Structure formats: structure tokens, C-alpha cells
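Written below as C-alpha cells is the structure these notes are about.
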Amino acid sequence: MHLHAIISSAACCIAGALAIFADEAYHIDYHRALVGFPTQDATFFHQPYAGSKASLVYTLSNKLILAAVNPKDGATVWRQALSHPPNITEGFLRAGEEQDTVVSAVGGEVTAWSTSDGRFVWKTKFPDTIVKDVEILELEGGRTSREAKDAIILLSGGEHVIKRLDGKTGAVKWTYEDISGDSPFQVSTSATGIHYISLHSTMLGGVKIKVTSLDLVTGQKLDQYTLSSDNEVISPECVLFAGANSASPLLAWTDKAHTVLKVNIIGTKSVSTFNAPRKGAEEVQKIVLHAPRRINSVSHFLVHYQTASTHSAEVYHVDLKKSVISKAYSLPELTGNGAFTTSTTDANVYFTRITAEEMIVVSSASHGILGRWPFKTSISKDQTFPVHGVSEVVVRSDSAQAVRSAVLFSDGQWVLVRNGELVWTRPELLAGALTAVWADLPEQEALAQELAIEGHENILSAYVHRVKRHIRDLEHLPAWLENLPIRILANFGGKTPSTSTTEIQQDSFGFHKLVIIATEANRLVALDAGSAGRLIWNIDLPKLAPGFTFENPTLSASHGYVEVRDSGLESPLLINTTTGGLVSLQDTTTTQNNLQEGQMLVSFDLIDGELKGFLDKKASSPIWSFLPPNGERIVGITARPIEDRVASIGKVLGDRRVLYKYLNPNLVLVTTVLDATRIASVYLLDSASGNLLHAATHSNVDITRQIPSALSENWFSYSFTLDSTTELSSRGYQLVVTELYESAVPNDRGPLGAAANYSSVQPSSALGDAAKPFVISQTYHTAEEISHMTVTQTRQGITSRELLVALPETNSIVGIPRYVIDPRRPIGRDPTALEVGEGLTKYTPVLQFDPKWYLTHKMEVFGVKKIITSPALLESTSLVFAYGLDVFGTRVTPSFAFDVLGKGFNKLQMLATVAALGVSVLFVAPLVRRKQINSLWQIP
Amino acid sequence: MRLSTATPLLPLLTPLTIAVRLTLTIPSTPILQNPSLLPPTTHATLQSSGAPLSAPLSRSNTFVFDNVTQGSWLAVVHSHDFAFEMLRVDVTAEGDGKGGEVEKVEAWQSFLGNEWDNRGEVRGMGVVGMGSGGGVVVEVRAVGVKEFYQARGGFSPLSFLKNPMILMALFSLVLIVGMPYLIENMDPETKAEFEEIQKKSPLTGAGNPASQLQNFDFASWMAGKTAPGVEGQGQVGQAKKR
């Protein structure tokens, strides 16, 4: 068995010639380590350890990714994807003051993580329950403890319980059960005890807020009172705020129309009532209460009123001795949406008001403005506004010296602004990418169109057209000449010319392509793949199609437009790829119908577990249908890419004979599983006729795991996990690669050989198996589960292909060279000389992913859902883009960069060599001349 | 959806299982000297059937699996920068000799693509009783560093000189250039001796058929003359024979 390992590693060494050069890493690829939208309650600045000078931004996002972000540059220090049941979208994140752990709670799991490095500290699981709230117990008997602070959690399951968890181990210290049947809302801790807030529904539809006080040490019920809130509160959304770790925990609620604000200091029974400001006819749409979380801060709080077009705020003070809440001052009304953040230094509380234009810092004590910074660069374009944020304020001698705020804007960007200056932006909206498509730059397509015109006209007019085009191109000459010295200098400096200009630059290699992404937040985003994934435009789709939410959009790009379709949308939206503007159907000159006379389009769809092909989209009766046998369930359908160039129709063997590839543009691979017997099958269909071309079945497959597949050229591959419930010879994951040929015999085209025409419906006059392709297949063990696979694409298909696989366990993407997984590798013997000439090596059952194949090298790309590839103008290069949670893009050269000079080509050295040769010629020339003269004058 | 229905059933099917806590620890080895530098995304999975159990890396460089049920598990440590050995972990029920049951945990090295019964060295073993509530600690070692980058074959004069062709060319160049000087600097006796040897040597001497052929005086041969050198040498040869 050691031998096996050695053999497999030796095989890797042979294959491992293809890798990323260290000097090209981070230059040819780009990666955005995203987290998703940070949630308001679970985002805060926190020092990673007590006494640390710098603090990090900790957040738990809507994607349930826990992350620590460096506020200096916006880089993620660490990330953890929290495991959660599929229906859970809510999570909690809390950090105790001066603690080196943060506590997260998702579903029924409470976990503590190390703040500085993201390592796991402890975890406590509560099966069949959902955590409703987590609080950190800051005060123990009136003083802060030096030890790890305990956590109080509220669980909702069969019955609602409150538990105190040990801060060091996560062990349960005590449990309080609530048997009243009220719906649990929150827990709140204060210096004196723990307050459990539950909502009691009354007969008349109102909700009464019930507050139960518990003993800190034993968890026994001390006191309980009910607030008569049933006139206002009709649903949990009406309760605005409860608790936080303030010296005076508050409970605030409003009515449905947001006209009144009622505040109760938890522990007392008195309720203060305030009326929401009403100016003009506009109704208050949203009320947000901001209160400091620190225990030793003064008990002031801010109430933010948002109407449709304006926002304002009022600051209130709490007198703890008299238990009285009084309004201190109001902040003036400003147009547009705004966000307020709370920050504390010592006991002082500061509020930062962030609008679309500026940030203003005020103290909670008085209304005087301590600092005001207008945004230097316009951060928000076309009516975006801040949604929520967190701030850190530095105040010296009653004026704010500095403020930095991490703000989520409505266009999905998470931005850090320091004193009005934009420090970093994180395009968190890309974390919710639903689908993406490649789009060519319009200039490229324009040229292609012009060339097509020239190709279809007669010679003379085509020549005139060409000359005219060249004269038109001359207008770019002065600019080109102007840039020439800069480009030459940059070339010799080993740098690529900077792409700081806002417009997309055309390049001669075709690396600058656009990726158009539709996101969950109903936005459409364009990235430039050639300049490190720069965001070109970002538009709001519902603005273009009012009142419509895109749930499952499909994109297609052609001729400078992107078509956005969705089921339920009557006509597709057409969007200009360069500007992001809406284009009306009349403006598009080209008709999208590529069909020739007499041709028909067959489309297929999965309907009720059956694959059906239709001649016309609106036709009701299918022309073919495929129902897998034995009640198998279809889990995946992969079709051959529409653009799949193949350079050679055959494979040349070592002895110069040819195996003809089975090239059918209508191939569809269907993967099915049979739940009862743990069997997975694949069926290869011809989508035009519905004919079954090939079928394979694998037993002992873990059918709960995914079965990704890819189809290209004349081969396909799929991967599955072996199930262990039955006795097995081996365990792990398998990758199957299958090739299709027209005939098993070289130099023979099988039944197709003599045919002048090819028809999908009647592939050949032969019947039975003779009409089917010759199939060879090999299976490899892989060390890791594969979640998605796709194949690289190049311009002409001359370059060999690479199978790109996403490995979710190590968060990486691997490009497996095609020759490594060639199904023609000889089994059980060494390859013959002819086979070596073909590049075949001996078959090994194990396919170790060579680290040199990792396209992501040192980057960890989280949550890859799909990888899309596109050819560049260079034949050697294929562009790769992966999305899901993170966004990653790179260029791959499966047969090396044979048509472009790499960075290894030293231009200075070349110049020096030429110069040295020139100098030596200068020296040698007189010598040679003298010798020649001498030889002429000498008598032989 | 099937998963959620399957999970509540599991405790019903195996009512008497004891919660086995399996702890995988990463020792400091020459390959991985400081396991504390591993990234926080490093995690271990226990795979048998269905979704694998997963445990993140803790502060003390361990992976803790609570409630490991009976079965044969494949334990894999997934690290972005290091390759780890695979383990086979078997949890079986055994009688403790007093009528009760204990859970026996055994861990071996396992090899990818090999038969499942092909086990390597034992990496840990332990028995967990009903009352003890303890766990079993198993070591898992790093076997290699993932080297992602390819070094660019840059130009260096040393590697250029190491090329055998270049070495041969340089050697012959030295011979061609240096030989005349060497001969000139020899003392007269050795020089004469050397010349003698050179004359006799088949390569350089007049007896060399190739040089004979090249220096063949066709005109004199036609005139019926015999080559003096050849004649002389023939005589010498004859004299020696005598």
C-alpha cells in the first residue's frame, strides 16, 4: 500500500508541469472574499484581545458567514461559514467587553470563536431547538469579572428555556423553563439580574409584553410583571428594542402606524409615552432605537424616525434615580434616508449621523455638532443611501477628531468611510450571485459585424468598405501614438499598463470581457474580468421592471446587450453591457433568429420528473420524452455548451491512425438516483431526437450527496460519493471520465462513414448498438468531494482542455489536465512506445490533486456554486470566473501560454544581448577586415 | 428534506449507543512544526453515509467530534496548505465482561484508492464505557506541504555552465587554444618524445589512412611515383620486424 501511494505521487510529478507561476499569482487572478450583507445587530467594532490598540469589525452576515474584517483595508482576517439547517436564516453574534472570544448562535448551536484567529473554542448543541437570543453576562454581582464571561441564551423549541452557559467551556450552568406558552422574544441582562421578555397574545389580537426577572446565580424566577401594550403591539415587529447591556435596559415599542413611542425601563412598571414627530402629511415608516451597549456608559438613547423622503432623530435621557425618561434634543430633519450609529468612549455616548452626502458626530449630552465631514468622493451614486452601520469616534476636548464608520449602502456595497474619505468598499451584493454570463466588449462585436459585412459583399464593395473602415480607424492614431512611449516603458518595467481609466479598455488579447451577474437583491452587476474584476456598473432591476421581483432570472448576452428573462416577465429586459442602461426592443437592430429556412429549434425541459423535448416552445405535446427506468429520480441535466469549438474531428494515435470522435452538438447528460437501493445512473441523450446513446449505473452511491457532471467535445465526466452502509472494497469519492468515439476501430467511421448527411433523428441506417457511439470509460478515486465541474473553452478548441472542479472542503478550484484523466490510459501494464508517444501514462486508480493544479493557490474561495469559462482572443487562454459566495476569476492556459510572451521573458536581457552582439561586431569587424586583406596579399 | 426526517429516527434505531467523543489532535512534526499557524478554516470530517460530520480546528489544535455513533468512519483533515493522512475510525460495541456494553474505538492509517480493509499503522485506540463519558484521542499527522507555485526557469550563468553540451564545448575550446602553448612550454626532451608519440599515433601520424587519403598526391601517383612518406614508413616497419 505504501507502494501505491508512491506510484500515485510519482504520477502526479509527471503531470505536475502545469502550474501557476509565483510572479503571476494575484496578477492574472482576482478574488473577492465576501461575507454577504452584514446584519445590523451582529456587526460591531471589537478589540481582538484585551488591551489591543487596533480593533476589527466582526460581523455575522445574512449568509451566516462569521467574519472579522480589518477596518484599515477591508481585508477579511478570518471567516467561518456557520453550519445551519437549510431553513434558518437568522443568527446572533455577541462579544463581551475585553473578551477574546465571540459567541455565535445559529439554529440550535451556540459556538464560541477565538477573536484573533477565528479558531473554534467551544460549542454547545441543543438539538430540535432554535436559539432566539444570546446575551453576554457583563456584570457578575455588580462588578465585571476578569474571567471568561458567561452567556445567557434563549431557546425556542418544544418549550422555551433560558440557559446560562459557562464562558470557558459552554457547559450549561442552569436552566429556566417557561411553561406559560408565550412566544419568547428576547433576554436582557442588567446589573441586577436577567430579564426574560416574552409576548403574551391576548384574546382581542393585541400582544402584552411580559417581563420575567431571573436570578443570576440560580436561574430562579424572582419577579414577573406584564405591560399593557396590547393597544399598540399587534405583532413582534412592533417591539422596537429590548435591553442591551446597558445599566438601564430599555423596552420600547410602537403601534402599527408608527405614531407613538412607548418606553419602559426594564425592572420598573412605568411606561413613558412620546409622540412621533409629524410634519406635513408624510407618515413615519420606520422607527429605530439606538442605545449604547457598554455597561458603564450613560443611559442616553436616540430614536431615528424615517419617512418616505426625510429622516430625523430625537435623543432621550434616562434618569435612573427617578426612573424618568425625558427628551433632551432633536436632530434636524434632512431629506433622504440616513443611518445613525452609536459609539462610546468611557462613559460618553456619541451618535454619528450618516447621510448620502456627509457624516455628522454629535454627543448624546447636547445637540452641538462635534464634527462634520462631507463625503469627498461621491460614495453614493443614483439615489443610493446608507442602510445601517457601525462607528468608532475619537473625541478630544469636545470636538470629534476622527470618525470611521463601516456602512452598508442600499446598492449592496459595504463601505468604510473615515472622516468623509472612502477607505474601502466591499461589493457584498456579489455574495448573493444567482447567475452570471460572459459578455463580449461591444467594440469586438462591432468589428466582427463589419468583417461579416465584408465577407458577404462582392469583392469591390467589400474593398471600398474596408478602406473606409481603415480611414475611420485612423482617428485613433494620435491617441495611440501618444500612449506609445508609456506602453513601451511599462512593458520594459515588467508592468501591465494601468487601467485606472473608468472606461473599459480594449486589449489585443481579449482578456477584457465583462461578467454580468444577477444577484439575490435584484441587482444586475457588470465586472471587468480583465482588470481584476473591477465593478463597471451596478443597477437596480426592479426600477426597470417596476413591481417585479426576479426570483430565478436567466441571462444571455449578445451584440452588446444582456437579456434578462424570468418566468412571469412578459418581455425580456434588454440592457446595454457597457453602460447598464435599459435598451428598448426597437433600438436593437439585429434579430436574434439564427435559424435557416427549414430548420427547427427543439427545446427541452424537466416537467414532473420527466425530461421532455418540444419542437415549439408554446407547443403542448412533446416530440420526445425521457422517463428514467425503475422510478429513478432526475437530479441533474448537463447539456453540451452552445459554443464548444473542436479543432480536430479525430484523435491521432501513436501509429498515425485516427480514432474519430463522436461529435454531436445535441448531447445531454442526465444524472439520476434511485433512493431505495443507493444507485446512481447517467444517461446520455440526443436532445434533438430523444434517443438514448449511452447509459451507465453505479451502485453503492451516497445519493444524499451531489453528483456534479460536465460535458464537452466528445467526453463527459461526473463524480459521486461512495456510501458505506454496505460492505465495500473502498471508500471515498469517485470521478468517472467517459469518451465517445464513432467506432472502436481506428481509421473507421463506423456506420457514419459512408453517409453524406447526418440526422439526429435517424443517426444511421444501422440499427441497434451499431448506431450508438463507442464508449470508453475510466474511474478514479479522488481525495475530496467535488461540488461542481466545468470544462475550459478556447477560441478554436486547438488547446487541450482542462476539467475545472470546485472542492468545497478546502475552498479551492482545481484544473485537472485532460491528459491525466484520459480514459485510454493502459490498465495494469506500462504504456507501449506508441502510447507514450500519445502522452498516455499507466492507469492509477487514485487521482491525487496536485497542488500545482490549484487555480486558487493560496486563496480560499468560499461557497463556489458555479464556474463559467469563456475563450479569450488568444488561442492558448481560457477565462474562468467562479461565483457563489466569493467571486473569483483567473486565466488558464492548459497547453501553456504558447502564443504570448510570459513574464519570464526578460526584455531587458534581450536588449542587452543585442547590444552586446552589436558591440562585439564593432570590435571584431576591423580584425576580420585586416585578415581578409592580408590573405589577399599573401602569396599562397 | 429527507435528511431532516432521517435525523430524528437515528436515536430510535440505536437506543443504546453511548456518546463517543472522538478527538483528533495534530502533533508537531517536522513537516508541520507549528500547528498553531494552521488557518481557521482547517477542519476534519468523519464520513460514512450522508452528510459528513464536521469539526473545526480548536485553539489547542484538535478536532472534537461529539456523539460519534457506531460504524466505520473515514476521517479526513481538510487543510488548505497541508496534506494530512487519512484515517479509518471504527466504533464498535463490545461487552465489558460485566454484562454491560462499552464502545471500542480504533483508528488506523488508511490509504486512498485502496481496499477499505487495507489498514496502516494504529493511530489510536480506546474504550468508552457507559459511565465514563470519556473520549478517545487519536493523532493525525501532516504528510506534506502543498506547493502551489511553479518556479520560473530563469536564466542563471551557473545552470548554463552545468549543461553537459556547454561543458564539452568549453573543454574542446580549451584544448584547441591551450595545446600549442602547452607544447611550446615543454622542455625539449619531452617535446621530442611527444612528437615521436604523435607521429606513431594512428590518429595524427602519417599512417592514418584518412590523412593518407586526404594528402594523396594523385598527380605523382599517375606519374608512377611512390609516396615518400609511405615508403619510408614501410621501411621502418620492415626494419622493426627484422
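Just so we're on the same page: letters track the sequence lines, and every chain starts at 1. Predicted model, so just to flag it, every value in this text is computed and none were measured.
- With a 4.5 Å cut-off on non-hydrogen atoms, A/Thr782 touches chain B through its backbone but not through its side chain.
- Neither the backbone nor the side chain of A/Tyr780 comes within contact range of chain B; no heavy atom of the residue lies under 4.5 Å from a heavy atom of that chain.
- Defined by atom type and a distance below 3.5 Å, a donor-acceptor pair is present between the side-chain atoms of B/Trp116 and B/Ser72.
- For A/Asp702, the part lying under 4.5 angstrom from a heavy atom of chain B is the side chain only.
- The aromatic rings of A/Tyr26 and A/His857 sit perpendicular to each other, their planes meeting at more than 60°, with 30° as the lower class boundary.
- Only the side chain of A/Glu24 comes within less than 4.5 Å of a heavy atom in chain B; its backbone stays farther off.
- Of the two parts of A/Lys125, neither the backbone nor the side chain holds a non-hydrogen atom closer than 4.5 Å to a non-hydrogen atom of chain B.
- In this structure, chain B has a heavy atom under 4.5 Å from the side chain of A/Asp23, while its backbone stays farther away.
- Of the listed residues (A/Pro86, A/Pro851, A/Ala22), the one with the most heavy-atom contacts under 4.5 Å to chain B is A/Pro851.
- Note on B/Val145, B/Asn61, B/Asp66: by heavy-atom pairs under 4.5 Å with chain A, the leading option is B/Asn61.
- Ion pairing between a basic and an acidic side chain is recognised when a charged N comes within 4.0 Å of a carboxylate O; A/Asp675 and A/Arg633 show such pairing.
- Contacts of residues 39-47 of chain B with chain A at a heavy-atom distance below 4.5 Å involve B/Pro39, B/Pro40, B/Thr41, B/His43, B/Thr45, B/Gln47, listed in sequence order.
- With sequence neighbours excluded, no residue forms a side chain to side chain donor-acceptor pair (under 3.5 Å) with B/Ser79.
- For a residue to count as touching a neighbouring chain, one of its non-hydrogen atoms must lie under 4.5 Å from one of that chain's; by this rule A/Gln734 does not touch chain B.
- Note on A/Arg79 versus A/Asp886: salt bridge recorded, some NZ/NE/NH1/NH2 to OD/OE distance being below 4.0 Å.
- Heavy-atom distances place no part of A/Trp122 under 4.5 Å from chain B, backbone and side chain included.
- Only the side chain of A/Gln80 comes within contact range of chain B, with heavy atoms under 4.5 Å apart.
- Using a cutoff of 4.0 Å between basic side-chain nitrogens and carboxylate oxygens, A/Asp723 and A/Arg731 are not scored as salt-bridged.
- Aromatic ring pairs are classed by plane angle as parallel below 30°, tilted from 30° to 60° and perpendicular above 60°; the pair B/His80 and B/Phe148 is tilted.
- Salt-bridge formation is not detected for the pair B/Asp117/B/Arg119: no Lys NZ or Arg NE/NH1/NH2 atom is positioned less than 4.0 Å from an Asp or Glu carboxylate oxygen.
- Listed by chain and number, the residues in a salt bridge (charged side-chain N to carboxylate O under 4.0 Å, His left out) with B/Glu147 amount to none (sequence neighbours excluded).
- Chosen from A/Glu860, A/His781, A/Arg119, A/Arg705, the residue pairing most often with chain B at heavy-atom distances under 4.5 Å is A/Arg119.
- A cation-pi contact, defined as under 6.0 Å to the ring centre and within 45° of the axis, is absent between B/Arg21 and B/Phe65.
- The side chain to side chain donor-acceptor pair (under 3.5 Å) test applied to B/Arg123 returns B/Glu85, B/Glu121, not counting sequence neighbours.
- Taking the six-membered ring where tryptophan is involved, the planes of A/Phe888 and A/His31 are perpendicular, since the angle between them exceeds 60° and thus also 30°.
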